[in-house]
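Notes follow the structure.
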Amino acid sequence: MAKIAYILLCHKDPEAIIQQAEQLTAAGDYMAIHFDGRAAAEDYQRIRAELAGNPNVAFAGKRVKCGWGEWSLVQATLQALRSAVEEFPRATHFYMLSGDCMAVKTAEYARRFLDEHDKDFIESFDFFESDWIKTGMKEDRLIYRHFFNERKHKQLFYWSHGLQKRLGLQRGIPSDIQVQIGSQWWCLRRRTVEWILKFIRKRRDVIRFFRTTWIPDETFFQTLVRHLVPEAEIESRTLTFLMFTDYGMPVNFYNDHYDLLLSQDFLFARKISPGAKELKSRLGRLYAAQGVDFQISNEGRSLYRFLAQRGRIGRRFAPRFWETESTLGRERELLIVVCKKWHVAKRLLGQIRQVTNIPAIEYLFNEEDTALPDLGGIQAALMKRTRHRRALLRMLFEYYGTDQLIICLDPAAIDLMDDFHSDRSSTRFLHIECAFSDDYLIGHAHRVGLAGERTPQLTLERLLPTIRNDILHESDRIRDAGYSQLYHLREGASPEENASQLSGFLNVSGGKAMEIAATRCLFDD
């Protein structure tokens, strides 16, 4: 009978990881866990300690620092796979999971299904001929080398790509492989996994090629399986039920979707809403149950299309959900950096990105050209961003796959601060208090249109007290607003004082906070 080794890639919520591991191994299956190398060491130690007595749980031999779209995700998967193959010799299948996945069938059903279908389940479509990629970069993912993370270093990513195009630095694809593409959620037989591990030991050229492709977790395993396994033994589909809106965002499942999920022809589903406690509890008990009869109707995708096309008003399926969603989510943390000197805030965010793995976005409600991902048009204009601000941030949380997000606001945006503070999410503010020289204020007057190239010096000198008082008034409003979690970074304070404030704001250790607070020339003009 089939025995499944689950390959779990995760980066947060140790309590949920422990629970997921215990639920899936309770029925006799296995799990190999890779916990992101960027995540907190204490969280990793807690997971290891809690699961130390479970012989059906193993851990990746090396923790890799993962980044979306990078080779590191494939590298992390291979680390967990190697551990699973070595630690669990009785495992017949290896099933890729994330922390957002939950079983929608019993272990009994899953094993019977895999015994009856002796195939590898992995989406595998021809990269060049299929229309799997709907928008954005396609051939350029492969024929150019990608050295930078598109989300963390957007400007460098596109600068490098553009430079290679201008210089004609295209590269060839290994001649004997036909690149495939598909979902990263797969279930492979043991023989196939062993073939893949043997293949990559011999073919370093293939590893070098995929190491600098963009989003290789959608092409690496998909290509190798098609290269190594007879076509008749491949089922080009995933066993994990997931749906996307017409804006490319994952559909979340809620408490009243239990019967819908159980009736789909899939073994797992993602994403389960963080707030769907009842659904999580019921699905958690389901996997180890016996004798459950499943009536497969498989109407999930058609039902979704039906609801979306008719514009159902509600919390789930409306096609323009930003017009009905009213909260960022109770489980999420929005961290707001407030600073009049935008370059200081940007400099601070650059250091935060280096030290933590929290996604950080600059003045998205102030600067039209702020680097934002394509979210279906909602991010296109400042007016639209501001009007649908909560929905925009919800989409950014989903895009980055995180429960923490940092944004920057100008101190004048007190209405936005009040709105986010009133949300059910947890909101923390970091007010950066800077000194303002006369030269800086004159430059500010030019930037905001209060002065021009030919404005007389005398007029500028008369403006300065007004501008200075206006900035002080903005700071006073923030202090008087009564925000429950307001931290202060002061130009004249010592690094130790600022580190204490940063530690509370970012919820990081004192060492990391000091590393950020000690940023050279942070307050320089």
Side-chain angles (χ1 to χ4, degrees), residues 4 6 8-27 29 31 95-110 113 183 185 187 238-245 249-308 312-318 321 324-333 394-395 397-398 401-403 424-426:
I4 306 169
Y6 292 104
L8 178 66
L9 264 57
C10 48
H11 67 280
K12 61 180 180 179
D13 201 349
E15 183 177 342
I17 294 166
I18 294 164
Q19 186 177 50
Q20 189 178 23
E22 290 175 341
Q23 289 170 347
L24 293 178
T25 59
D29 289 310
M31 178 174 286
Y95 196 120
M96 182 77 173
L97 287 179
S98 78
D100 294 320
C101 299
M102 292 200 73
V104 295
K105 297 292 185 294
T106 60
E108 188 178 64
Y109 180 99
F113 178 91
S183 167
W185 312 112
C187 177
T238 175
L239 294 178
T240 298
F241 181 49
L242 65 160
M243 299 190 298
F244 292 88
T245 69
M249 305 306 294
V251 172
N252 281 277
F253 297 109
Y254 294 85
N255 289 332
D256 55 345
H257 287 138
Y258 181 79
D259 293 327
L260 170 71
L261 293 176
L262 265 58
S263 65
Q264 305 312 304
D265 188 19
F266 295 87
L267 303 184
F268 281 76
R270 73 181 305 267
K271 289 182 158 186
I272 310 300
S273 169
K277 305 297 185 185
E278 180 186 346
L279 177 61
K280 288 187 171 185
S281 177
R282 296 178 74 183
L283 292 178
R285 296 191 300 269
L286 175 69
Y287 191 71
Q290 294 185 343
V292 180
D293 184 31
F294 296 93
Q295 301 297 319
I296 306 300
S297 56
N298 215 33
E299 80 286 10
R301 287 190 171 88
S302 58
L303 176 61
Y304 171 76
R305 284 193 297 270
F306 173 84
L307 292 170
R312 166 181 166 176
I313 298 174
R315 59 184 177 177
R316 291 181 289 281
F317 292 115
F321 71 86
T324 58
E325 292 286 2
S326 59
T327 180
L328 304 183
R330 195 181 298 275
E331 309 295 325
R332 288 171 171 159
E333 294 181 341
R394 282 182 65 90
M395 296 174 82
F397 275 110
E398 292 287 349
T402 183
D403 288 329
R424 286 184 293 176
S425 63
S426 173

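For the single chain, residues carry numbers from 1 onward in sequence order. Since the structure is predicted, the reported quantities are computational estimates derived from the model, not experimental observations. Only this structure's heavy atoms are used, side chains among them; waters, hydrogens and symmetry mates stay out.
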Between [atom1] of [X] and [atom2] of [Y], what distance do you get to the nearest 0.5 Å?
X    : Y    : atom1 : atom2 : answer
T238 : M96  : OG1   : CE    : 11.0 Å
L267 : C101 : CG    : SG    : 11.5 Å
H11  : T402 : NE2   : OG1   : 5.5 Å
R282 : D259 : CZ    : CG    : 6.5 Å
I272 : L261 : CD1   : CG    : 5.5 Å
D100 : Q20  : CG    : CD    : 8.5 Å

- request: For Q264 and L260, indicate whether the former's side chain and the latter's backbone hold a donor-acceptor pair under 3.5 Å.
  value: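 It does hold such a pair.
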Where do [X] and [Y] come nearest, in terms of heavy atoms and distance?
X    : Y    : answer
L8   : G99  : CD1-N, 3.7 Å
F266 : T240 : CD2-C, 3.6 Å
R332 : L328 : NH1-O, 2.8 Å
A103 : L24  : CB-CD2, 4.5 Å
N252 : S273 : OD1-CA, 3.8 Å
A107 : A27  : CB-CB, 3.7 Å

Does some side-chain heavy atom of [Y] sit less than 4.5 Å from a side-chain heavy atom of [X]?
X    : Y    : answer
I296 : K105 : yes
F268 : Y95  : yes
F253 : M102 : no

- request: May I ask you to check whether F294 and F113 place their ring centers less than 6.0 Å from one another?
  value: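 Judged by ring-centre distance (under 6.0 Å), F294 and F113 do not meet the cut-off.
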- request: May I have the step-by-step check of side-chain contact (heavy atoms from CB on, under 4.5 Å) for D403 and D13, ending in yes or no?
  value: CA-CA 10 Å; D403 288 329; D13 201 349; 6.0 Å; no
- request: Kindly indicate, with the supporting measurements, whether the criterion side-chain contact (heavy atoms from CB on, under 4.5 Å) is fulfilled by K280 and Q19.
  value: CA-CA 11 Å; K280 288 187 171 185; Q19 186 177 50; over 6 Å; no
query: Can Y287 and D29 be counted as having a side-chain donor-acceptor contact under 3.5 angstrom?
result: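 Indeed, the side chains of Y287 and D29 share at least one donor-acceptor pair under 3.5 Å.
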- prompt: Should the heavy atoms of other residues, nucleotides or ligands under 6.0 Å from CD of E15 be counted, would the total exceed 12?
  reply: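 No, because the 6.0 Å sphere around CD of E15 holds 12 heavy atoms or fewer from other groups.
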Residues Y254, L279; criterion side-chain contact (heavy atoms from CB on, under 4.5 Å); working and verdict: CA-CA 7 Å; Y254 294 85; L279 177 61; 5.7 Å; no
